[in-house]
Amino acid sequence: MARQSGSSVQENKKTAVDVAESSLTREQLVEFYRLMYLSRRTDDREIVLKRQQKIFFQVSCAGHEALLVAAGMAMKPGYDWFFPYYRDRAICLTLGNTVEEQLLQAVGAADDIASGGRQMPSHWSNKRLNIVTPSSSTATQCLHAVGCAEAGRFFTRHPEAAKKHQGDYRDFKDVTFHGDEVVYVSIGEGSTSQGEFWESLNTASNGKLPVLYVVEDNGYAISTPVEVNTPGGNISKLVANFPNFHFAEVDGTDPIESYKAMAEAVAYCRAGKGPALVHGHVIRPYSHSLSDDERLYRSAEELAADAARDPISRMQMWLLREGILDADAINKLEQQVDEEVQRAADRAVMATLPTVASITKHLYSEDLSPMDPRFATEPAATADPTERTMADLINCCLKDEMRRDERVVVFGEDVADASRDEALLAGKVKGKGGVFKLTAGLQTEFGSERCFNSPLAEANITGRAIGMALRGMKPVVEIQFFDYIWPAMHQMRNELPLVRWRSNGEFSCPLVMRVPIGGYLTGGSIYHSQSGESIFTHTPGVRIVMPSNALDALGLLRTAIRCDDPVIFLEHKRLYRETFGRAPYPGPEYCIPFGKAKIVRQGKDLTVVTYGAVVPRALQAAQKLHRETGIDVELIDLRSLTPYDWEAIAESVKKTNRVIVAHEDMLSWGYGAEIAARIGDELFHDLDAPVRRVAAMDTFVAYQPVLEDAILPQPEDLYRAMHELAAF
Ligand SMILES: Cc1ncc(C[n+]2csc(CCOP(=O)(O)OP(=O)(O)O)c2C)c(N)n1
């Protein structure tokens, strides 16, 4: 049920107490109670349904209702943005989410608007109301909220960027912004221990972003009490020194106090003064979830003390005491709510279930695939035949796309020319532009709002980029080294690839993560030489690309930026400035579709399937082998790893009947294992020899070059394997 609109509010008579303290009308106070009670009764109904095995999970909002209805009433549905967590039933009802919608998710119905039966109950999502699909992971949403607020500010300052554009992802993104929208994000007090919470405070504070944090402190994270998670037991004390914030600590079981705090906090954010954090002390009367029994770790006295603060009975008493409702009116209201919940439950349990055929829908964009033929273009006849490196052409591509599409922003560690831009603008310094210089000049040409440094925090980079992309921006972020991608892993595994699928196609976050990867650096050692692409190819929902030469890097990066899927773009650092694979600039429209391999060398005797820095090494080995023995190797550069070009592999293997799958990453559990297994499975009758693999030793890369050479696959290893396989 949506809250009352502003005009009727003004006309309503107010009670003596509430006028001064809450500025809520009598009708709004009654509605406040109704929403709290509706939320509680929906929880109660879900508990019954769970016991009847008609739903499969239950986590309740019980005890948090006052704080959350207050937040919902202080904000604007479909105008502000919302990143709630699983306790937030009451705010979602207040914003306009219906009980039936919530119960349809609980039964896993096809018509569950939040996820189409993919997510557990209480994973609220509603495009119309700007309630953004959440995961079950605690705290990841804080960074999305920050990115979402940044996007609102960006579009306000660059309104032209919001326009639709045919031919790329923008065609499918309706951008809305108002200039003063507030972004709500909520979190339990236990989850404030997560780094992503603190990483988000960093940027919300630095950027004075209009983010309203609501910490719902029920004193427990499952069975772990607050003092174990929060030193001193009070999160308000810990965050108090973040600049630019408005802070409030309230009794979150008190509706009037909660509403007052929320209204002030929202006004602060809406006025553009900065973020706010409202810390509400609430209770948790129903255990953590139906899978938990809190009597195992909480005493009866403690539970009784909580029960005395129950916000539903507190507000009921208050309404009676203030003469706003009498007992009859309360009974009538409660009966109506019970009937509403009953009707919704009756409909939900009869709902149609999703079909098995729908399972893979929305894993990727249904609108614009990076395999689309529109991305198959030819290099323009260029006036400048200068051969350029991969580093040069990636930089060219970033500049081209930033000129073409104002929604493209580049950020990451050290990617800007100079964060303190006075010296840069005065021409006194040249600027850094990335540790590998791939982003050099972007800030100078496009300004500090479109190319900027992030804090040294990889989850911050990734989570914010997700939040921006949700609203239609196109972040092209850089992770400085693949070796340091791991702090972003939670965002990359549980968020980035899942937003579209888990929201049943309602939300998406197409963005690009550029990641320098790989070894062969002579001294790169453990922490500057890692590979690990198979960890990401094992995750559905993202596209993985890894070019081996300058032209492919440019063409694939352009497709990555223009397409509608999230892309992890792996750039081999050893290839950045290599003589191998240089190319003239092919013009600002040159694209390469994903999933199309390149035959680097035609051959008839055996096939080598590879990618990345092994391509030039395998080519060297194949040329030597041909010179010395006449054995003719066909060399396939996959270029994109998800999707990959199975047809090219199959066609070649059917011709040569012998195949090696080679890569720089470790042998075991690597990318080649999947390709080799599929060849064994589907092309068994075409093989005259076992499928061979050439890859790194199953260890990390050591510093001493003698060791590094032995660990990583060398041209000699490839030569030997080719020779042996040809003789099999
Ligand atoms: C990253 C992550 N770790 C662990 C969990 C399992 N888990 C789910 S809820 C929860 C406790 C959260 O407590 P708190 O943040 O205080 O919120 P509350 O449930 O009390 O409202 C845990 C540990 C999870 N969902 N995500």
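Values in this document were obtained by computation on a predicted structure and should not be read as measured data. Each ligand, and each atom within it, is numbered from 1 in the order the structure gives.
Scanning all protein heavy atoms for the shortest distance to atom 22 (C) of ligand 1 gives Ile222 CD1, 3.7 Å. Among protein heavy atoms, the minimum distance from atom 20 (O) of ligand 1 is reached at Tyr220 O, 2.7 Å. Ranking the protein heavy atoms by distance from atom 21 (O) of ligand 1 puts Tyr85 OH, 2.6 Å first. Looking from atom 16 (O) of ligand 1 to the surrounding protein, the closest heavy atom is Gly190 N, 2.9 Å. The single protein non-hydrogen atom nearest to atom 25 (N) of ligand 1 is Ser136 O, 2.8 Å, given as residue, atom name and distance.
Note on Asp43 versus Arg87: no salt bridge recorded, every NZ/NE/NH1/NH2 to OD/OE distance being 4.0 Å or above. Ion pairing between Arg309 and Asp251 holds under the 4.0 Å rule for side-chain N and carboxylate O. Ion pairing between a basic and an acidic side chain is recognised when a charged N comes within 4.0 Å of a carboxylate O; Asp254 and Arg314 show such pairing. A salt bridge does not link Arg118 to Asp112: none of the charged side-chain nitrogens sits closer than 4.0 Å to a carboxylate oxygen. Ionic pairing of Glu340 and Arg34 is present here: one or more N-O contacts between side-chain nitrogen and carboxylate oxygen are shorter than 4.0 angstrom. For Arg284 and Glu216, the salt-bridge test fails: no basic side-chain N is under 4.0 Å from an acidic carboxylate O.
Taking the ring axis of Phe536 as reference, the NZ or CZ atom of Arg543 does not stay both within 45° of it and closer than 6.0 Å to the ring centre. A cation-pi arrangement is absent between Arg500 and Tyr364, since the terminal nitrogen or guanidinium carbon is not both under 6.0 Å from the aromatic centre and inside a 45° cone about the axis.
Residue-level proximity to ligand 1 for Glu216 is absent, since no heavy atom of it falls below 4.0 angstrom. With a 4.0 Å heavy-atom cut-off, ligand 1 is reached by the backbone of Thr138 and by its side chain too. At a 4.0 Å heavy-atom cut-off, ligand 1 touches Arg87 through the side chain alone. Contacts between Ser191 and ligand 1, counted as non-hydrogen atom pairs separated by less than 4.0 Å, involve both the backbone and the side chain. The side chain of His288, and not its backbone, has at least one atom closer than 4.0 Å to an atom of ligand 1 (non-hydrogen atoms only; side chain from C-beta on).
Annotation for ligand 1: atoms under 4.0 Å from non-hydrogen atoms of His490 are 1 (C). Here is the list of ligand 1 atoms found below 4.0 Å of a heavy atom in Asn218: 18 (P), 20 (O), 21 (O). Interface of Ser137 with ligand 1, defined as ligand atoms under 4.0 Å from a residue heavy atom, comprises 26 (N). Within the listing of ligand 1, atoms 14 (P), 15 (O), 16 (O), 17 (O) sit less than 4.0 angstrom from a heavy atom of Gly188.
Counting only heavy atoms, the protein gets under 4.0 Å from atom 2 (C) of ligand 1.
Residues satisfying the ring pair (Phe, Tyr, Trp, His ring centres under 6.0 Å) test with Phe242, not counting sequence neighbours, are none.
In terms of polar-atom proximity, defined here as any N/O pair under 3.5 Å, Tyr86 does make such a contact with ligand 1.
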Could you walk me through whether Arg471 and Glu181 pass the salt bridge (Lys or Arg N to Asp or Glu O under 4.0 Å) test, one step at a time?
CA-CA 13 Å; Arg471 290 196 59 180; Glu181 61 266 40; 2.7 Å; yes
Step by step, would you call Glu46 with Arg89 a salt bridge (Lys or Arg N to Asp or Glu O under 4.0 Å)?
CA-CA 12 Å; Glu46 275 195 0; Arg89 182 187 302 290; 2.9 Å; yes
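Distances from ligand 1 to the non-hydrogen atoms of Gln194 include at least one value under 4.0 Å.
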